[in-house]
Protein chains: 4
Amino acid sequence: MSRMREMDDKKAKRELILDAAVRVFSRRGYHEARMEEIALEAGIGKGTIYEYFDSKLTLFQEVLGRSRDIYYNSLAIENENSLSLREKIRLVFLSHIRFCQENKELTRVVFWDTEIMDEELKAWSYEKRKEKERMLSEVIEKAMEAGEIRGINPYALTLVITGALGALWLPIVLEEWSGDAESLAGELTDIIFEGIKG
Amino acid sequence: MSRMREMDDKKAKRELILDAAVRVFSRRGYHEARMEEIALEAGIGKGTIYEYFDSKLTLFQEVLGRSRDIYYNSLAIENENSLSLREKIRLVFLSHIRFCQENKELTRVVFWDTEIMDEELKAWSYEKRKEKERMLSEVIEKAMEAGEIRGINPYALTLVITGALGALWLPIVLEEWSGDAESLAGELTDIIFEGIKG
Amino acid sequence: MSRMREMDDKKAKRELILDAAVRVFSRRGYHEARMEEIALEAGIGKGTIYEYFDSKLTLFQEVLGRSRDIYYNSLAIENENSLSLREKIRLVFLSHIRFCQENKELTRVVFWDTEIMDEELKAWSYEKRKEKERMLSEVIEKAMEAGEIRGINPYALTLVITGALGALWLPIVLEEWSGDAESLAGELTDIIFEGIKG
Amino acid sequence: MSRMREMDDKKAKRELILDAAVRVFSRRGYHEARMEEIALEAGIGKGTIYEYFDSKLTLFQEVLGRSRDIYYNSLAIENENSLSLREKIRLVFLSHIRFCQENKELTRVVFWDTEIMDEELKAWSYEKRKEKERMLSEVIEKAMEAGEIRGINPYALTLVITGALGALWLPIVLEEWSGDAESLAGELTDIIFEGIKG
DNA sequence: TATGAATGAGAATTCATTCAT
DNA sequence: TATGAATGAATTCTCATTCAT
């Protein structure tokens, strides 16, 4: 077998394991997930996982890291500098909803506030959250300077937006809500921009 | 010892255990919490816990249930029928923030999206959440009928409000945010009612 | 139960485990010994061992340490300062042979040059051996100064004595040799003092 | 490739593996040695070892057997019938010391009293030791008959000699002792022949 | 023939739960 | 009733060995 092909195989099996791990971590959570179940799900032997990952924690960290990266990439608003804040927020809601609808398992892994909290992971998680907040604050302050939005406490707005996102994955994953993404994104944005006052 | 006194003692020891359990579950999470640590924290023997609770899961369920009850009671808006929706929402934010500030351990137990989704607990959790949403929807619809707020999707507003609440406990518990409860509650309500449009 | 009695029980169970461990380590060696077998041998459950010892290594270290202490104490020549070197050496041989005859299992643990060689244990082992050599050298040099023995290389004599000891446990434990302790001790001493020249 | 050449290759690879195995068993001991490390050390694939040896145990047995053969051959006193016992013993000490100095790895394998006493290996080990003792006894008895040495217990002398040998490899391998082989061999022989009496 | 990816039996260890006191 | 010593099921991880290529 060519070296190229070998590496593809190696990579492919890694992916196979990661995919299985996402599913198992997603339905069981970290502590209830069994390495044996992941192996079974991947259709491989228990020991094989350890050829690709050092430990259960390592595997989980990679699953979590990748899931979050995929999620954050799916939001992709940084490059859309030409858009108005209103449009940006609408887009964030829209892509969030679509991501949750299309990736129920990844979603569960990303948003399931896991206990594991290995110190390293905790720090990483914290940093990621802070970064997201910083980014949002920045965008908000610019829009405020530009007069697009009135003078408000940016932190309060951050809470409203990230809060709505955080509230919006479980109903989707549990299939309680399966409405139209465009509409809901629009309605949320509308509330935030226009207020609800009668 | 009188039967009355005995029962008081019995009750008191139950409380003792529950208090210790809140602290331990709060700082460790369900899976990392050790029955021995709870017993130690309560100043009793490990075996004694089993005189009062069937299992670790049972104990956790009661801790979680009670914590949520205390939290929901602290919100206490049902009886305040005379208030406007605006005032009600402001009050919910205010009491939420105060509760989190004053009961960091309970808060962590209530909001820590635990993995241990034992089927029964999951169902109970689900029901509790639904009930909260129904209540909110009802209040919103009434306000809409009364013309206090304009015609919007009540579900979207529910998401915005519960989302903001869900986003607002971690910064408090982690002591990242320790600002003025009144101000933040006001600002959040203001955003929701007036919108942010410039 | 009185606190006194409790501690006795606790101590007694520790001893029970240590005894069982000596037997198992003695017949299997460190790596082939199974914690389960030790538990079985002690007539207790697997988990109980861990109530008294942190790990297999810890248990082994204590078994080894105690066995060696018992052995070295059985040699007990330090306090016999009045004796001549010849008598001391004869006594060392004699007590060594008797110890091996009477404590076959301890003997195997003490002399089985185990692989384990955890760094800490290695250092400890090394130190113990050095100490023994130093002690011997000292005694030898004194006897040389006193003219009891002629001028020889003390290190060479140390090798001859410790060597004979080291060669003399296996035949005893394997029951190849079961002769008279007094005679053999005398003969060995005789060879060392008088030489074998015709 | 000619059949002859093939067999040479086959033999060469066997040797390659055995050499690597000596080094690894020497520095790790049997249980801590990893087949993978041996393969790596030999510069071949893990699976290849199994083309030449049935199992780890088999490989170790061959390593041990060969190492011992090399050691015993290095002593080579059988053919030296013309020599006096004194000279023979001196020669044994001398060649032992030199062997240990020059073959630290082999030495460790030969003398490291391994735990892995697989029954077959144990029996073989036992037989080898007995044979050595028989040979020594024979030589001793002849010398006694010839009047070269006085009437002593041959077993006791065997213990003294093999004991000194057994005590003399570790200090060399650990590089604690790195003196002159000739001198030490002479001194040991001197003690055994002349005794130490003042 | 050589390989190394895959395997799974097996070992140490943990900890909720039991139960004799 | 309260206790904590004892327990063993369950879990992670290792590594000799196999076998498809």
Side-chain angles (χ1 to χ4, degrees), chain A residues 1-2 5-6 9-10 13-14 17 31-39 42-59, chain B residues 1 6 9-10 13 31-40 42-60, chain C residues 1-2 5-6 9-10 13-14 17 31-39 42-59, chain D residues 1 6 9-10 13 31-40 42-60:
Chain A
M1 207 188 293
S2 77
R5 186 56 193 277
E6 263 174 52
D9 278 14
K10 191 112 193 177
K13 185 146 293 186
R14 246 185 97 84
I17 294 170
H31 280 99
E32 294 300 332
R34 304 286 160 243
M35 292 304 266
E36 192 143 26
E37 188 175 357
I38 294 173
I44 59 170
K46 203 173 8 143
T48 308
I49 298 177
Y50 291 90
E51 296 286 324
Y52 295 85
F53 301 92
D54 282 348
S55 68
K56 186 182 177 183
L57 185 58
T58 307
L59 174 58
Chain B
M1 207 190 289
E6 262 176 51
D9 277 13
K10 185 120 192 176
K13 190 157 285 189
H31 280 100
E32 293 303 328
R34 305 286 162 247
M35 292 303 267
E36 187 141 29
E37 189 175 355
I38 294 172
L40 197 76
I44 59 167
K46 207 182 347 168
T48 309
I49 298 177
Y50 290 87
E51 298 291 324
Y52 297 86
F53 302 92
D54 282 348
S55 68
K56 188 183 179 184
L57 185 58
T58 308
L59 174 58
F60 178 74
Chain C
M1 205 189 294
S2 77
R5 186 55 193 278
E6 263 175 54
D9 278 13
K10 190 112 193 179
K13 185 145 295 187
R14 247 186 95 84
I17 294 170
H31 279 101
E32 294 300 332
R34 305 283 161 247
M35 292 303 266
E36 190 142 28
E37 188 175 358
I38 294 172
I44 59 170
K46 204 170 7 142
T48 308
I49 298 177
Y50 290 89
E51 296 286 322
Y52 295 85
F53 301 92
D54 281 348
S55 68
K56 187 182 177 184
L57 185 58
T58 308
L59 174 57
Chain D
M1 209 189 291
E6 263 176 51
D9 277 13
K10 185 120 194 178
K13 190 157 284 191
H31 280 99
E32 294 302 328
R34 305 284 163 249
M35 292 302 266
E36 187 141 29
E37 189 176 354
I38 294 172
L40 197 76
I44 58 167
K46 207 181 350 166
T48 309
I49 298 178
Y50 290 87
E51 297 291 324
Y52 296 86
F53 302 91
D54 281 349
S55 67
K56 188 184 179 183
L57 185 59
T58 308
L59 174 58
F60 178 74

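Excluded from the calculations below are hydrogen atoms, water molecules and symmetry mates; all remaining heavy atoms, backbone and side chain alike, are included. Predicted model, so just to flag it, every value in this text is computed and none were measured. Below, chains carry the letters A, B, ... as their sequence lines are ordered, and counting in each starts from 1.
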Enquirer: What distance separates Ile38(D) CD1 from Ile44(D) CD1, expressed to the nearest 0.5 Å?
Expert: 9.5 Å
Enquirer: For a quick test of reading the model: is some side-chain N or O of Arg34(D) closer than 4.0 Å to OP1 or OP2 of dA16(F)?
Expert: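 For dA16(F), OP1/OP2 do have a side-chain N/O of Arg34(D) under 4.0 Å.
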Enquirer: Atom CD of Glu37(D) and atom P of dG4(E): how far apart are they, to the nearest Å?
Expert: 16 Å
Enquirer: Under 4.0 Å between a side-chain N or O of Tyr52(C) and OP1 or OP2 of dA5(F)?
Expert: no
Enquirer: Does Phe53(B) reach a base, just sugar-phosphate, or nothing at all? Heavy atoms under 4.0 Å.
Expert: nothing
Enquirer: Between Ile49(D) (CD1) and dC15(F) (P), how many Å, whole number?
Expert: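 Between P of dC15(F) and CD1 of Ile49(D): 15 Å.
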Enquirer: Roughly, in whole Å, what's the span from CD in Glu51(B) to C1' in dG4(F)?
Expert: 13 Å
Enquirer: How many angstroms lie between CD in Glu36(A) and NZ in Lys46(A), if you round to the nearest 0.5 Å?
Expert: 5.0 Å
Enquirer: Below 4.0 angstrom from OP1 or OP2 of dT1(F), is there any side-chain N or O of Lys13(B)?
Expert: no
Enquirer: Please state how far atom CD in Glu32(D) lies from atom C1' in dA11(E), giving the value in whole angstrom units.
Expert: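 Glu32(D) atom CD is separated from dA11(E) atom C1' by 13 Å.
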Enquirer: Find the distance Glu36(A):CD to dG8(E):C1' and express it as a whole number of Å.
Expert: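 In whole Å, dG8(E) C1' lies 9 Å from Glu36(A) CD.
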Enquirer: If you look at every heavy atom in His31(B) and Lys56(B), which pair is closest and at what distance?
Expert: O-NZ, 3.8 Å
Enquirer: Taking everything shown except Glu37(C) itself, do over 12 heavy atoms lie less than 6.0 Å from its CD?
Expert: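 Yes, CD of Glu37(C) has more than 12 neighbouring heavy atoms, counting only those of other groups under 6.0 Å.
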Enquirer: Whole-Å distance between dA5(E) C1' and Arg14(A) CZ?
Expert: 15 Å
Enquirer: What is the distance from CD1 of Ile17(A) to C1' of dT7(E), rounded to the nearest Å?
Expert: 13 Å
Enquirer: Quick one: on DNA chain E, does Asp54(B) or Thr48(A) contact a more 5' nucleotide (nearest heavy atom)?
Expert: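 Closest to the 5' end, via its nearest nucleotide, is Thr48(A).
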Enquirer: Take atom CD1 of Ile38(D) and atom C1' of dG4(E), then tell me their distance rounded to the nearest Å.
Expert: 16 Å
Enquirer: So do Glu51(C) and Arg14(C) actually touch side chain to side chain, heavy atoms under 4.5 Å?
Expert: no
Enquirer: On DNA chain F, compare the nucleotides closest to Ile44(C) and Lys56(D); which residue's is nearer the 5' end?
Expert: Ile44(C)
Enquirer: Report which part of the nucleic acid Lys46(B) touches: base, sugar-phosphate, or nothing (heavy-atom distance under 4.0 Å, all strands).
Expert: base
Enquirer: Between Met35(C) and Tyr50(B), which residue's closest nucleotide on DNA chain E lies nearer the 5′ terminus?
Expert: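 Residue closer to the 5' terminus by nearest nucleotide: Met35(C).
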Enquirer: For the helix from dA2(E)-dT21(F) to dT21(E)-dA2(F), what angle lies between the axis at the first five pairs and the axis at the last five pairs, to 10 degrees?
Expert: 10°
Enquirer: Please tell me if the side chains of Asp54(A) and Leu59(A) come closer than 4.5 Å, counting only heavy atoms from C-beta onward.
Expert: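 No, side chains not in contact.
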Enquirer: Could you tell me whether the side chain of Lys13(D) and the main chain of Ile49(D) form a donor-acceptor pair under 3.5 Å?
Expert: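 No: the side chain of Lys13(D) does not pair with the backbone of Ile49(D).
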